Amino acid sequence: MSVNRVSQILLRVSRAARQPQQLVAPAIRYYSSKTGNYEFIKVETAGEKKNVGLITLNRPKVLNALCNQLIQELNQALEQLNADASIGAIVLTGSEKAFAAGADIKEMQNNTFSTNLRTNFIGKWSDITKCAKPIIAAVNGYALGGGNEVAMMCDIVYAGEKAKFGQPEIAIGTIPGAGGTQRLTRVVGKSMAMEMVLSGNMINAEEAERSGLVSKVFPAEKVVEEAVKLGEKIASHSQLVVAVAKEAVNAAYETTLQQGLQFEKRMFHSTFSLADRKEGMTAFLEKRSPNYANE
């Protein structure tokens, strides 16, 4: 899709942000309500055992444009779910039209370099990555700019077949600021990252899957359900060992191969201090399902 089309989408989001908000919660089946009073997100539990947290970005009138309050609410919800012993994985999604069409342009339009430094503008976005529990992004529609960056902060990305990914900041006179030049390059490689960042053009779900930006593509109406199923599978394992495994995989982006291999070996060794490791191996030898205590 052309940069002109991207500019039109961003302009529509900016104009919509000036209008009064009437938030309409999407109808979602087989989920139960979770406590928490939020304006721009919904937090629920999902799965047969209600052991998957489901966070839905909920600013439909502006295609889930990411404002400061939404990010604050998202970080708060992630912190609460991370501390909830009954939750083993988290799914983050938006609407069928947009996961998130970028940062709220109206909110940043009059920023200056000094105010950005003084307020650490968008500095809290990366707190999403501090969650020890796995986060699965279920992306439908547009994941542009900050929306794509937030998706990349998640551990796994599932996409609906009509999803669109892009870093269109170049079209409004700026560059990505929450990982679009860094995480994207590590995921899809220099050439594709350069093309996306310098042109502002979007890629579709199929291209995103080929490039490694997403792991699987599903029909739009199935992507959240499939993400929850994956969350249930992850939640069936020891939460402690899942957290260790997540940390080890993330280390691959921060270290050399030899450093990473050494870190992985030590993390592997450390699992032998856990009761869950003993239970898992014992259950395997006894040909039964393990009963993890997260200890």
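The first residue of the sequence shown is numbered 1, and numbering continues consecutively from there. These figures come from a predicted structure and were not determined experimentally.
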Exercise: identify the closest heavy-atom pair between [X] and [Y]:
| X | Y | result |
| --- | --- | --- |
| Met108 | Ala103 | CE-CB, 3.3 Å |
| Glu279 | Asn291 | OE2-N, 2.8 Å |
| Val43 | Leu81 | CG1-CD1, 4.3 Å |
| Ala46 | Leu54 | CB-CB, 4.4 Å |
| Gly280 | Tyr292 | CA-OH, 3.6 Å |

Residue pair Thr112, Thr115: steps toward the side-chain hydrogen bond (donor to acceptor under 3.5 Å, both in side chains) verdict: CA-CA 5 Å; Thr112 65; Thr115 58; 3.2 Å; yes

Salt bridge Lys164-Glu207, side-chain N to carboxylate O under 4.0 Å: no

Salt-bridge contact Lys229-Glu226 (side-chain N to carboxylate O under 4.0 Å): yes

Neighbour count above 12 (heavy atom, 6.0 Å) for Glu286 CD: yes

Atom NZ of Lys162 with >12 non-hydrogen neighbours under 6.0 angstrom: no

Donor-acceptor pair, side chain of [X] and main chain of [Y], under 3.5 angstrom:
| X | Y | answer |
| --- | --- | --- |
| Gln259 | Thr256 | yes |
| Asp155 | Ile135 | yes |
| Glu169 | Gly177 | no |
| Glu96 | Gly141 | no |
| Asn64 | Ala98 | yes |
| Asn75 | Lys124 | yes |

Could you tell me the separation between the [atom1] atom of [X] and the [atom2] atom of [Y], rounded to the nearest 0.5 Å?
| X | Y | atom1 | atom2 | result |
| --- | --- | --- | --- | --- |
| Tyr158 | Phe218 | OH | CZ | 4.5 Å |
| Thr45 | Ile90 | OG1 | CD1 | 12.5 Å |
| Arg266 | Leu261 | CZ | CG | 12.5 Å |
| Glu107 | Leu70 | CD | CG | 10.0 Å |
| Leu92 | Ile55 | CG | CD1 | 6.0 Å |

Lys133/Asp84 under salt bridge (Lys or Arg N to Asp or Glu O under 4.0 Å): CA gap, chis, key distance, verdict: CA-CA 10 Å; Lys133 294 178 181 177; Asp84 189 336; 5.7 Å; no

Gln262/Gln258 under side-chain hydrogen bond (donor to acceptor under 3.5 Å, both in side chains): CA gap, chis, key distance, verdict: CA-CA 6 Å; Gln262 181 67 16; Gln258 290 305 312; over 6 Å; no

